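Here the structure is laid out as structure tokens; the discussion comes afterwards.
Everything numeric here is computed off the predicted structure, so don't read it as measured data.
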Amino acid sequence: MGGRVGLREVASRAGVSIKTVSNVVNGTGSVTAATRERVEEALAALGYRPNLAARHLRRGSSGLIAVALPELTQPYFAELAAELVRAAKARGRMVLLSQTEGTEEAERALLEGHDLPVLDGLVLSPLALDAPALRRRVDRSPLVLLGEHVGEPVLDHVTIDNCAAARDATAHLLSLGRRRVAAIGAQVAGPNETALLRLEGYREALGAAGVAYDEELVATVDQFHRPDGAAAMARLLELPDPPDAVFCFNDALALGALRTLAVRGLRVPQDVAVVGVDDVEEATYATPSLTTIAPDKQALATAAIDLLLRGGGDPPQTVTVAHRLAVRESTTGPTGTPHPPTAHFPPTAQLPPTAQLPPTAGFSGPPADAEEQP
């Protein structure tokens with residue numbers, strides 16, 4: 001077709017008013033499902049493309065939002081970033097993506113809008129800034145936080161229930177008959193509220209099962225990376241009475257732990273069962289595939305963008321999205337049948353120095369049975 005297709009042409013083809021087409025395009029007003037479908041068919045048939053610049057000018061907005069995440073090289077944040085971009089695009093916004101590396105300087109600069117273009121708002125996943133620092137924020141543009149918080153919310157916030165997620169993961173291991181359940185991911189430095197809440201959930205699950213909390217089974221890490229998980233697993237295996245299961249605070253730590261167990265010649269899950277958190281794509285294709293807590297990343301992204309475009313609220317709103325346990329081979333084996341822990345570890349191979357451990361678990365393509373168990 002020649003020329004730009006407008007709302008009038010779409011309305012004529014769909015047999016509705018221009019106002020109805022505008023409501024469908026902008027996601028406003030009340031439109032029946034049948035009418036919406038007819039309008040969307042007309043939009044597609046005519047190749048309608050909204051004039052975003054004109055729309056944002058009328059609304060007094062830039063059409064651009066910023067998303068700031070700690071590490072785009074980490075699979076969880078990369079997958080979440082993709083979902084945020086999709087959610088923003090569906091609402092007519094473009095995304096300026098930034099990596100903070102979890103530093104206070106970078107997070108504070110973004111928080112105050114330093115060196116940024118005019119934005120409709122910021123979605124930030126903070127690691128270094130705590131609640132008092134967030135309260136001191138001067139810039140009043142819309143801001144939504146991703147991740148966990150402890151205590152009363154300071155700003156609009158989207159999260160999963162990290163305490164419940166850790167409790168579910170640990171309870172799963174205990175239900176398999178494991179009693180020496182270790183945790184990898186506690187952190188000594190920094191206001192990492194996610195780590196605090198996952199440790200709390202781990203302790204709650206132990207208590208509910210009548211299993212005593214043992215500090216020597218809690219391995220601290222500097223970061224939530226694969227090498228940290230590999231090194232922590234190596235330390236746990238040096239204990240006089242090593243664990244028969246391990247709950248890792250994210251999938252990267254769990255993949256590192258799987259590498260150490262493989263190098264030691266230990267069987268997963270027969271000797272040590274492993275659970276992670278995040279359900280990154282690697283979890284399905286690891287050998288063995290990784291049982292993990294799967295947060296609804298699409299719901300996280302959608303809630304964050306919708307809260308941002310709402311423009312902020314008083315009092316701040318917290319949206320907690322669902323999670324589920326994705327059971328795979330690292331706790332049930334390839335047949336999906338739970339394995340009781342072995343009485344004693346088999347003879348193990350000599351573990352090379354931690355510095356020589358490759359940072360990722362080995363992969364050899366999808367496992368024969370990569371489907372999640374119900």
Side-chain angles (χ1 to χ4, degrees), residues 7 10 18-31 33 36 39-40 43 48-70 72 77-100 107 109-126 129 134-135 137-149 153-160 295-322:
L7 297 183
V10 176
I18 294 176
K19 178 63 175 175
T20 298
V21 176
S22 177
N23 286 341
V24 172
V25 170
N26 294 305
T28 58
S30 178
V31 182
R36 181 179 300 278
V39 171
E40 288 175 346
L43 291 167
Y48 173 81
R49 295 291 181 272
N51 187 336
L52 295 180
R55 179 192 297 178
H56 295 309
L57 184 62
R58 288 193 300 271
R59 292 177 175 174
S61 69
S62 67
L64 182 67
I65 63 175
V67 170
L69 301 172
L72 297 177
F77 288 118
E79 292 176 14
L80 182 57
E83 292 292 350
L84 286 162
V85 169
R86 291 188 191 103
K89 183 179 180 181
R91 288 150 184 79
R93 264 63 174 190
M94 295 185 65
V95 169
L96 173 66
L97 197 58
S98 180
Q99 176 173 277
T100 66
E107 291 179 4
L110 285 162
L111 202 65
E112 300 304 337
H114 295 170
D115 301 322
L116 289 176
V118 176
L119 298 169
D120 291 343
L122 168 67
V123 177
L124 172 66
S125 178
L129 295 179
L134 294 168
R135 286 192 186 95
R137 176 178 179 246
V138 176
D139 183 16
R140 296 292 94 188
S141 61
L143 171 66
V144 173
L145 303 180
L146 294 175
E148 195 56 90
H149 66 78
V154 177
L155 296 156
D156 285 342
H157 212 114
V158 183
T159 184
I160 67 167
D296 189 337
K297 301 185 191 77
Q298 183 178 13
L300 276 167
T302 299
I305 298 300
D306 285 346
L307 276 177
L308 191 73
L309 297 182
R310 186 194 66 168
D314 188 18
Q317 182 176 348
T318 296
V319 176
T320 303
V321 305

Fill in: side chain to side chain contact (heavy atoms under 4.5 Å, CB included) between Ile305 and Lys89, worked out
CA-CA 10 Å; Ile305 298 300; Lys89 183 179 180 181; over 6 Å; no
Rounded to the nearest 0.5 Å, the OG1 atom of Thr302 sits from the CZ atom of Arg86 at a distance of 10.5 Å
Tightest non-hydrogen contact, residues Val319 and Ala303, listed as CG1-CB, 3.9 Å
Across all chains, not counting sequence neighbours, the side-chain hydrogen bond (donor to acceptor under 3.5 Å, both in side chains) partners of Thr20 are Ser17
For Pro70 and Gln99, the nearest pair of non-hydrogen atoms, with its separation, is O-CG, 3.2 Å
task = Could you check if a side-chain atom of Arg93 sits within less than 4.5 angstrom of a side-chain atom of Leu308, using non-hydrogen atoms only?
result = no
Validation row: Leu84, Val95 side chains within 4.5 angstrom (heavy atoms):
no
Check: Ion pair present between Lys297 and Glu79, side-chain N to carboxylate O less than 4.0 angstrom?
Finding: yes
dist Leu307:CG -> Leu145:CG (nearest 0.5 Å) comes out at 10.5 Å
Smallest heavy-atom separation, Phe77 atom then Leu69 atom, equals O-CD1, 3.5 Å
Nearest heavy-atom approach of Asp120 to Pro142 is O-CG, 3.5 Å
Correct closest heavy-atom pair for Leu300 and Leu80 would be CB-CD1, 4.2 Å
Taking every heavy atom of Leu110 against every heavy atom of Ser98, the minimum-distance pair comes out as CD1-OG, 3.9 Å
d(His157 NE2, Leu146 CG) to nearest 0.5 Å is 7.5 Å
- Query: Does Gly147 offer a backbone N or O that forms a donor-acceptor pair with the side chain of Thr159 under 3.5 Å?
  - Reply: yes
- prompt: More than 12 non-hydrogen atoms from neighbouring residues, nucleotides or ligands closer than 6.0 Å to CD on Gln298, yes or no?
  reply: no
